[in-house]
Amino acid sequence: MATSASAQLSKVVKRQYMELPQGDKVQAMYIWIDGTGEGVRCKTRTLDSEPKSIEDLPEWNFDGSSTYQSEGSNSDMYLIPSAMFRDPFRKDPNKLVLCEVLKYNQKPAETNHRHKCKKIMEMVDHQSPWFGMEQEYTILGTDGHPFGWPSNGFPGPQGPYYCGVGADKAYGRDIVEAHYRSCLYAGVMICGTNAEVMPAQWEFQIGPCEGINMGDHLWVARFILHRVCEDFGVVASFDPKPIPGNWNGAGCHTNFSTKEMREDGGLKCIEECIDKLGKRHNYHIRAYDPKGGLDNARRLTGHHETSNIHEFSAGVANRGASIRIPRTVGQEKKGYFEDRRPSANCDPYAVTEALIRTCLLDEEGDEPVDY
């Protein structure tokens, strides 16, 4: 099993330094999304006192030419603090700070989807849009081979691994437990976790979150996962189809509701939204992975609990449909629906914004409206 050299360094030796007092100073780790739209970057600065709100955090900058976000001749990019969490690695009073990225001209960077998403969410905040996202991922060795898989072969076929228990069924549970507890400590709205259908594949769920908080909490949960895996010397992959062939891909199923949907008779509103989504399938496919649908094309084949990328479908309790209405929602005639199309490496800001635009702002066609 290929693990990183850093993981071999003594954590016991490190601990004696991490236990040293830090006085009144606070370490703030600034986190941002890089030019790939998938990767996260971070760096740390010292603050003179513990920040109590976002307003207490200074803006910062970084070299965008080294993160696929600018040219070397004009490389300064700005970090705008947007959400703050407790730091589970350095512990209180230290902070994790999720940032938006602005270019030299103070306009949002190309992969800063939060900026527009926030404006769209503010337009519909009276409807209390709730989201819950189910983030699937695969644990890999540093050589790209799935964690725990035979080095020159494959494990037994899918069947015993989903929600599995036992050393021959659950691959890498230590990482899952460490990530879960770290998210709870940080204040991330993590609400569950489970082993997935493919061995070494897992899922955690974030939500329910209202509006812009959905994207904020999922991105920080992803960052924490990457950092936990770094400590263990392995890699968390959000590739939507990490292993070709008869193995499940990885998605980020998105559950969505409004105040009206959650009230008595809300099923009518849910069905109206599904009708709108069916007329705008191509727009959503483009928004649901960072490569405009190319990544999802490897996953949405109509097999392995997915719908076909070229067709829109909906059904009660149907895991082979684009949109699933949970059985309890069908019975109670209110609740939420699940969009099963977003890929594991989607940007949650882009996904939630697209749902609001189509379902609540009644947009049509293949392009978003500019407000």
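Remember, predicted model here, so these are calculated numbers, not experimental data. Computed over heavy atoms, backbone and side chain alike; hydrogens, waters and symmetry mates excluded.
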Honestly curious: do [X] and [Y] fall in one hydrophobic cluster under the side-chain, below-4.5 Å linking rule?
{"X": "Leu9", "Y": "Phe232", "answer": "no"}
{"X": "Met84", "Y": "Leu184", "answer": "no"}
{"X": "Val40", "Y": "Leu102", "answer": "no"}
{"X": "Leu47", "Y": "Phe85", "answer": "no"}
{"X": "Val351", "Y": "Val124", "answer": "yes"}

* Before giving the answer on side-chain contact (heavy atoms from CB on, under 4.5 Å), spell out for Arg227 and Ile224 the whole-Å C-alpha distance, their side-chain angles and the decisive distance to 0.1 Å. => CA-CA 5 Å; Arg227 271 289 286 108; Ile224 291 172; 5.7 Å; no
[X] [atom1] to [Y] [atom2] distance, which is reported to the nearest 0.5 Å:
{"X": "Glu203", "Y": "Glu134", "atom1": "CD", "atom2": "CD", "value": "5.0 Å"}
{"X": "Met214", "Y": "Cys209", "atom1": "CE", "atom2": "SG", "value": "4.5 Å"}
{"X": "Arg280", "Y": "Phe312", "atom1": "CZ", "atom2": "CZ", "value": "13.0 Å"}
{"X": "Ser343", "Y": "Arg299", "atom1": "OG", "atom2": "CZ", "value": "6.5 Å"}
{"X": "Phe89", "Y": "Lys91", "atom1": "CZ", "atom2": "NZ", "value": "10.0 Å"}

Strictly by modelled atom types, are [X] and [Y] linked by a side-chain donor-acceptor pair under 3.5 Å?
{"X": "Thr258", "Y": "Glu260", "answer": "no"}
{"X": "Arg41", "Y": "Thr67", "answer": "no"}
{"X": "Arg319", "Y": "Thr306", "answer": "no"}
{"X": "Asn246", "Y": "Gln158", "answer": "no"}
{"X": "Asn345", "Y": "Asp295", "answer": "yes"}
{"X": "Gln205", "Y": "Asn255", "answer": "no"}

Electrostatic pair [X]-[Y], nearest N-O below 4.0 angstrom:
{"X": "Asp216", "Y": "Arg114", "result": "yes"}
{"X": "Asp239", "Y": "Arg298", "result": "yes"}
{"X": "Lys279", "Y": "Asp275", "result": "yes"}
{"X": "Lys291", "Y": "Glu38", "result": "yes"}
{"X": "Lys118", "Y": "Glu100", "result": "no"}
{"X": "Arg286", "Y": "Glu367", "result": "yes"}

Do [X] and [Y] touch side chain to side chain, with heavy atoms closer than 4.5 Å?
{"X": "Gln201", "Y": "Asn248", "result": "yes"}
{"X": "Gln127", "Y": "Leu360", "result": "yes"}
{"X": "Asn318", "Y": "Ser307", "result": "no"}
{"X": "Glu196", "Y": "Tyr161", "result": "no"}
{"X": "Arg357", "Y": "Ile120", "result": "yes"}
{"X": "Ile243", "Y": "Trp149", "result": "yes"}
{"X": "Glu50", "Y": "Lys95", "result": "yes"}
{"X": "Cys359", "Y": "Leu277", "result": "yes"}

Summary of ring pair (Phe, Tyr, Trp, His ring centres under 6.0 Å) pairs that have at least one residue in [range], sequence neighbours excluded:
{"range": "residues 173-196", "result": "His179-Phe204"}
{"range": "residues 24-69", "result": "Tyr30-Trp60, Trp32-Phe62"}
{"range": "residues 283-306", "result": "His284-Tyr288"}
{"range": "residues 96-135", "result": "Phe131-Phe256"}

Determine the minimum heavy-atom distance between [X] and [Y], stating which atoms define it.
{"X": "Pro240", "Y": "Pro242", "answer": "C-CD, 3.8 Å"}
{"X": "Pro368", "Y": "Glu363", "answer": "CA-OE1, 3.5 Å"}
{"X": "Met133", "Y": "Pro348", "answer": "SD-CB, 3.6 Å"}
{"X": "Ala236", "Y": "Cys229", "answer": "CB-SG, 3.8 Å"}
{"X": "Ala321", "Y": "Arg340", "answer": "O-CD, 3.6 Å"}
{"X": "Gln27", "Y": "Asn94", "answer": "N-OD1, 2.7 Å"}

Mind listing the side-chain donor-acceptor pairs of residues 136-143 below 3.5 Å, one per line with the distance, residues two or more places apart or on another chain?
{"unit_1": "Glu136", "atom_1": "OE1", "unit_2": "Gly251", "atom_2": "N", "d": "2.7"}
{"unit_1": "Thr142", "atom_1": "OG1", "unit_2": "Ala2", "atom_2": "O", "d": "3.2"}
{"unit_1": "Asp143", "atom_1": "OD1", "unit_2": "His145", "atom_2": "N", "d": "3.1"}

Kindly write out the residues that satisfy side-chain contact (heavy atoms from CB on, under 4.5 Å) with [X], not counting sequence neighbours, or none if the list is empty.
{"X": "Cys42", "value": "Met29, Ile31, Phe223"}
{"X": "Asp56", "value": "Pro51, Lys52, Ser53"}
{"X": "Ala195", "value": "Trp202"}

Donor-acceptor contacts, no H, no angles, side chain residues 329-337, under 3.5 Å, sequence neighbours left out:
{"unit_1": "Lys333", "atom_1": "NZ", "unit_2": "Gly330", "atom_2": "O", "d": "3.1"}
{"unit_1": "Lys334", "atom_1": "NZ", "unit_2": "Asp264", "atom_2": "OD1", "d": "3.1"}

* Asked: Is the OH atom of Tyr371 crowded by more than 12 outside heavy atoms at less than 6.0 Å?
  -> yes
* To do: Determine whether more than 12 heavy atoms belonging to other residues, nucleotides or ligands lie under 6.0 Å from atom NZ of Lys11.
  => yes
* Asked: Looking at Ile206, Val97, Leu225, Val188, which one forms a side-chain contact (heavy atoms from CB on, under 4.5 Å) with Val220?
  -> Val188
* **Candidate pair Thr3 and Gln8, rule side chain to side chain donor-acceptor pair (under 3.5 Å), full reasoning** => CA-CA 8 Å; Thr3 58; Gln8 312 309 319; 2.9 Å; yes
* Asked: So, Asn112 side chain and Val101 main chain: donor-acceptor pair closer than 3.5 Å or not?
  -> yes
* To do: Please check if the side chain of Asn296 supplies one atom and the backbone of Arg341 the other of a donor-acceptor pair under 3.5 Å.
  => yes
* To do: For Glu272, check salt bridge (charged side-chain N to carboxylate O under 4.0 Å, His left out) against everything at least two apart and list the hits.
  => Lys268
* Could you work out the complete set of other residues in the hydrophobic cluster of Ile285, with links drawn between I, L, V, M, F, W and Y side chains under 4.5 Å apart? => Leu300, Ile309
* **Contacts of Glu177 that satisfy side chain to side chain donor-acceptor pair (under 3.5 Å) - sequence neighbours left out** => none
